[in-house]
Amino acid sequence: MEIPGRGTNMTRTMSLLVTGSIGIDAVQTPHGNRKELIGGSAVYFSYAASFFTPVRLVGVVGEDCPATLLHVFKGRDVDTGGLEVRKGSKTFRWHGSYVKNMNEAVTVEVDLNVLAEAAAAIPPHFKDSKHLFLANTHPRLQLQTLQALNGPKLVVADTMNLWIETERPALLDLLKHIHGLVLNDGEARLLTQKQNLVEAARSVIKMGPKFVVIKKGEHGCMMVSEGDTFVLPAFPTEKVIDPTGAGDSFAGGMMGYLASHTDHSMTAVKKSLAFGTVVASFTIADFSLDGLKAATRPAIDERLAHLRAAVTF
Ligand code: AMP
């Protein structure tokens, strides 16, 4: 099967590698139900980050994977050289519902399938990647990917309630090896057993990461590091059709911005959060990747200016 983008752009200067889930989603929102949608944490992340910098994607799907999923990055600067189509395995599937709460998905059903197997191999020419995003997947696979690289200078991970509840020791081990953790408010509370989010963030810092970003859906995000606390509202938007992928797109905008700049100071991280916030606002305006597909870099910059104006007084 031919996968567009495979093997192109071998030499990367702003190298950003992502691994995570690549799958098929079914979603229910107050705006309708959809099945057989392209989804997965690494898919949303890659598409979002590619507005800023070239992306190297590592992940695995089963042989049942539809061609639409393999061709989703056509025309984008996403190198799919690390995308494995595994014979005899089945693609990851997730069924989520936002009917009760648009800020937090309820997992109706999840079939890990190939995600429960070995991690995808990392192509040798990806191993020099300097920026790594470990999108939501099994923490054991996240750590394997991290350890296979030759000294990335910025490593940020995402996780979710499933892994916090079922793979806590593996997750705590991963946290000792990363610079930043991105997770939502409910997950931060579950991980730390702290209700107050500032307290929860401080507890995460004690687990290893230098900074933690807590996403709060329509209420924006908060970033806490040893010496700094930063808060940002969400982009004020009226059109929220399907929040799936908002978190991954947020991370894609954030990491894409950081990978395209040499400055990784906390000031730069704060600006990256504003880009992440804006990119996520495109994702939620439609089902699957359709909202992101409608975005352009000038439109992202325009919304960034609106966001800046909305928080300046
Ligand atoms: P979010 O950005 O948090 O809305 O992530 C949505 C994506 O995460 C969906 O496209 C799902 O396919 C994917 N997903 C859901 N559950 C998991 C899981 N346990 N591991 C990895 N990916 C998942």
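Remember, it's 1-based here, ligands and their atoms both numbered in the order they're listed.
Taken to the nearest 0.5 Å, the OG atom of Ser50 stands 7.5 Å off from the CG atom of Asp77.
Close N/O approach between Gly245 and ligand 1 is found [any backbone or side-chain N/O within under 3.5 Å]. Taking only nitrogen or oxygen atoms, main chain and side chain alike, Tyr44 does not reach within less than 3.5 Å of ligand 1. For ligand 1, the polar-atom distance check against Gly39 finds no nitrogen or oxygen pair separated by under 3.5 Å. Distances between N or O atoms of Asp248 and those of ligand 1 include at least one value under 3.5 Å. At a 3.5 angstrom cut-off on N or O pairs, Ser21 counts as close to ligand 1. Checked against a 3.5 angstrom limit, the closest N/O atoms of Gly247 and ligand 1 fall inside it.
For the ligand labelled ligand 1, residue Gly23 lies outside the 4.0 Å heavy-atom shell. For Val110, the heavy-atom gap to ligand 1 stays at 4.0 angstrom or more.
Regarding atom 23 (C) of ligand 1, its nearest protein heavy-atom neighbour is Phe92 CZ, 3.5 Å. Among all protein heavy atoms, the one lying closest to atom 21 (C) of ligand 1 is Asn136 O, 3.0 Å.
For atom 19 (N) of ligand 1, the candidate residues are Lys215, Met160, Glu187; the nearest heavy-atom contact is made by Met160. Considering each of Trp94, Phe250, Trp163, the one bringing a non-hydrogen atom nearest atom 20 (N) of ligand 1 is Trp163.
Between Glu199 and Arg189, none of the side-chain N atoms (NZ, or NE/NH1/NH2) sits under 4.0 Å from a carboxylate O, so this pair counts as no salt bridge. A salt bridge links Asp128 and Arg56; the closest N-O separation between the charged side-chain nitrogens and carboxylate oxygens is under 4.0 Å. Salt-bridge formation is detected for the pair Lys270/Asp228: a Lys NZ or Arg NE/NH1/NH2 atom is positioned less than 4.0 Å from an Asp or Glu carboxylate oxygen.
In this structure, the side chain of Thr29 engages the main chain of Ile241 through a donor-acceptor pair within 3.5 Å. Without hydrogens or angle criteria, Arg308 side chain to Ala274 main chain gives no donor-acceptor distance under 3.5 Å. Of the possible donor and acceptor atoms, one in the side chain of Ser260 sits under 3.5 Å from a partner among the backbone N and O of Tyr257.
The distance from ligand 1 to the heavy atoms of Thr244 drops below 4.0 Å at these ligand atoms: 4 (O), 6 (C), 9 (C), 10 (O). Against a heavy-atom cut-off of under 4.0 Å, Leu162 is close to the following atoms of ligand 1: 19 (N).
Only side-chain heavy atoms of Asp25 come within less than 4.0 Å of ligand 1; its backbone N, CA, C and O stay farther off. Counting heavy atoms closer than 4.0 Å to ligand 1, residue Ala105 contributes nothing at all.
A centroid separation of less than 6.0 Å is found between the aromatic rings of His131 and His264.
For the pair Arg303 and Phe275, the cation does not sit on the ring face, since its NZ or CZ is not both under 6.0 Å from the ring centre and inside 45° of the axis.
Leu37 and Val72 are assigned to two separate hydrophobic clusters, defined by single-linkage of ILVMFWY side chains at heavy-atom distances under 4.5 Å.
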